[in-house]
Amino acid sequence: MDRPGHRFSLRRQIVWSTRVFTVLTSLAVCAALFFLSNQYVRTNTLQAAEFNLRLVATSIETSLNDADALLNWASINDTVRRYLSQEEVNGPQTIAAYKAAQEKYYSNPLYPKVIRFFMSNENDRHLQFGPLNSSSALNQSSVSLFLQQGYGMRFTTDPLMISHPACLAISRPIRSGHGTMHRGTAYLALDPSVITDPAAGYTTSEGSALYWEMGNQLWQIEDGRLTQVETAFSDVSYTLRSTVENRTWKQSAWQGRFRKGGSSYFAIKVVLEGRGAALIQVMPESTFLQQRRVYLWLLGLGLAIVWGLSFLMQHWLEWAITRPVEALQKRIEAVGGGDFTADPAVEWPNELGDIGRGINKLAADVDGLMNRRVEDERKKQELEYRMLQSEINPHFIYNTLNSIRWMATIQHAPGIAEMVTAFARLTKSISKETQKLVPLQEELALLNDYFTIQQYRYGGDLEIEVSRIEDERLCRDCLIPRFTLQPLVENAIFHGLEPKGGHGSVLLDISIDPATGDVLLRLTDDGIGMPPEQVAHLLDAPAGEKEKAEKFRHVGLWNVNRRIQYSFGEAYGLTIESEEGIGTEVTIRLPYQRKGNDHAADLTCG
């Protein structure tokens, strides 16, 4: 079912895409197959007709070659030429010529189709053979009737037998041995069966016709007869174009298309070279439709196969894509509803299965994230509780220290009161202050409270002093991380001054670096100092297996240095110089930043 809000579901898109693709493919296949089948049928039909015409033309040409051989013999035979050349009748020459002509005539394969064959001259000398020999005697006047028709090949009627059907007449001149003097004429009349018999086995489709063309006349070959067409298909001859020439058969072929009487026709013409004659087959365009039905049936079968394959493809796409996508969609809805359990059913062995595995992994990750969130929330509540508890403890300590201070004042112990007061201020600063960066003057105030406590511990032998402040505005405007100076002074006292008896001084110098404008705080003590190899590793990250005191000093310096770099960048921090027996100098480099402003302020020294 289509889901609400989905105009076109994936299933519908696949179904309609498959249908549109099938329709377009079917149309393309139909058009291509129709065009190809039409071309194939037409080409095959025309080629078959041309081939059959060539066979008929070859058979006719064989008969005409036999006729040529007989006429050529008559025109060049010396015995015949001597007979025709003599002025007076010579019995032996006449008999010799007759026997020679008779032998040649009956040995020619064409003699059964000869209607009349004679050789004659102007002096009324004749040699005649054929079935018309006895019924129509030749004389000079009758020979002139034959000679009036001229030389060459033509269709005509026998002048002496008007009632006889038309015949194919071929005549040749008989000349002297040198070929210059005319000696007579050789005449051969052939029965039209020379043409019709080879075409007797030629089959034509309905509406087709076979023609014999010679000169400007056209005869239709039908039922073993030649029927002259009164109105010649002149447009057939004019519209045929030359497309094939077969040199092996010595015949040329033309194919063409023309219209007559509102109908379309195709014509194939095979020419008998050197004869002035040709065979023509004319067939209506409907001839191709008869064979095209078979191809149309095959086309319908092909379309049925295409539609069947399309139906199978549609169901396969639904099984391979639509159903898995619907299963993935349901799985996503289940995850959205809070069901994060893995569903192995959507982990198919394909790309969609990869998506299913991704959804299961995402559900597991979301489930784990939510569990961690619940755990983090629980830990956060516990931490808040501890922070509230930790706020109570310093407040309790601060109140207790105030009570001790008043007790010391009542008992006239000002030193204890002053120490307790300084410690109380330190405790209050630690418990109440949350700001990471403080003005330098507040850090100096914390350092003063710490010095007060240490002064009572060491007596007058310990001195902590600010030796120089280049500009008083630095104390107000320069920002410094909280508790930066106290750990450094504590290191100077415990590890520099105390080892030599607890006496000495720690001097603080506050100035501005003229090259960069940075603030430089130099803490200098006159303690025991350190060797260079120890100084080189004081700011390295803490590593184990050092003496406890040394480890505390190392951690304190590294801690201060890292806090400065976290606050201002790697260009700032601590620089330590020390010399054994002389003392140690720690330089703190800070950017000149006003309280509450992250941008360094320009300071002009003067």
Side-chain angles (χ1 to χ4, degrees), residues 376 379-380 383-384 386-387 390-391 394 426-450 466 473-495 506 508-513 515-525 530 534-544 546 549-578 584-603:
D376 292 343
K379 291 181 178 180
K380 179 181 177 182
L383 181 60
E384 289 179 353
R386 290 180 180 178
M387 290 178 63
S390 66
E391 291 179 1
L426 285 172
T427 305
K428 184 176 182 181
S429 177
I430 294 172
S431 62
K432 296 297 183 181
E433 190 62 57
T434 58
Q435 189 176 7
K436 293 192 298 182
L437 299 178
V438 297
L440 182 57
Q441 61 186 8
E442 292 187 18
E443 186 70 6
L444 293 175
L446 291 175
L447 182 60
N448 185 59
D449 289 334
Y450 176 74
V466 178
R473 289 178 295 178
L474 296 177
C475 296
R476 183 186 72 246
D477 296 337
C478 182
L479 298 179
I480 187 172
R482 284 169 49 81
F483 293 102
T484 297
L485 297 177
Q486 185 273 333
L488 300 181
V489 172
E490 183 178 5
N491 271 333
I493 294 174
F494 290 162
H495 304 288
V506 179
L508 176 60
D509 181 271
I510 304 174
S511 63
I512 296 176
D513 186 351
T516 62
D518 294 335
V519 178
L520 301 177
L521 283 70
R522 293 184 178 89
L523 279 170
T524 306
D525 67 75
M530 293 174 287
Q534 185 177 355
V535 174
H537 298 286
L538 285 176
L539 298 180
D540 293 344
K546 289 187 177 181
E550 184 64 26
K551 183 176 180 181
F552 288 156
R553 176 169 62 168
H554 189 186
V555 172
L557 293 173
W558 177 81
N559 183 287
V560 171
N561 184 60
R562 292 306 296 165
R563 284 194 291 119
I564 293 174
Q565 291 180 343
Y566 284 150
S567 300
F568 304 117
E570 296 292 333
Y572 302 96
L574 302 183
T575 303
I576 302 174
E577 296 180 359
S578 183
T584 303
E585 181 180 274
V586 179
T587 302
I588 306 172
R589 179 178 291 273
L590 300 171
Y592 180 54
Q593 293 188 341
R594 298 179 182 275
K595 183 180 179 181
N597 185 7
D598 293 335
H599 301 283
D602 296 332
L603 183 62

* Structure fact -> All heavy atoms of Pro481 vs all of Phe568, minimum pair found to be CD-CE1, 3.8 Å

* **Between CG on residue Leu523 and CG on residue Leu488, distance to nearest 0.5 Å** => 6.0 Å

* Asked: So do Phe483 and Asn559 actually touch side chain to side chain, heavy atoms under 4.5 Å?
  -> no

* Asked: How many angstroms lie between CG in Leu437 and CD in Glu443, if you round to the nearest 0.5 Å?
  -> 10.5 Å

* Asked: Can you check whether Thr524 reaches Asp509 side chain to side chain, under 4.5 Å on heavy atoms?
  -> no

* To do: For residues Gln565 and Tyr572, report the shortest heavy-atom separation together with the two atoms involved.
  => CG-O, 3.1 Å

* **Check: Leu446 and Gln486 side chains under 4.5 Å, non-hydrogen atoms** => no

* Asked: Do Leu574 and Ile588 come within less than 4.5 Å of each other through their side chains, counting heavy atoms only?
  -> yes

* Between Thr484 and Leu590, is any pair of side-chain heavy atoms under 4.5 Å apart? -> no

* Determine, stepwise, if the pair Arg476 / Glu442 fulfils salt bridge (charged side-chain N to carboxylate O under 4.0 Å, His left out). => CA-CA 9 Å; Arg476 183 186 72 246; Glu442 292 187 18; over 6 Å; no

* Mind listing the closest non-hydrogen atom pair of Val506 and Ala492 along with its distance? => CG2-CB, 4.1 Å

* **Candidate pair Val586 and Asn491, rule side-chain contact (heavy atoms from CB on, under 4.5 Å), full reasoning** => CA-CA 11 Å; Val586 179; Asn491 271 333; over 6 Å; no

* Asked: Do you know which two heavy atoms are closest between Met530 and Ile576, and how far apart they sit?
  -> CE-CG2, 4.4 Å

* Given side chains that start at C-beta, do those of Leu521 and Leu440 come closer than 4.5 Å, heavy atoms only? -> yes

* Asked: Around atom CD of Glu577, are there more than 12 heavy atoms of other residues, nucleotides or ligands at under 6.0 Å?
  -> no

* **Non-neighbouring partners of Ser511 that pass side chain to side chain donor-acceptor pair (under 3.5 Å), sequence neighbours left out** => Arg522

* Asked: If we only count heavy atoms from C-beta on, is the Pro591 to Val519 side-chain gap below 4.5 Å?
  -> no

* Compare all side-chain heavy atoms of His495 with those of Thr584 and state whether any distance is below 4.5 angstrom. => no

* Find the distance between SG (Cys478) and CD (Gln441) and round it off to the nearest 0.5 Å. => 11.0 Å

* Structure fact -> Interatomic distance, CD1@Ile480 vs CG@Leu474, rounded to 0.5 Å, equals 11.5 Å

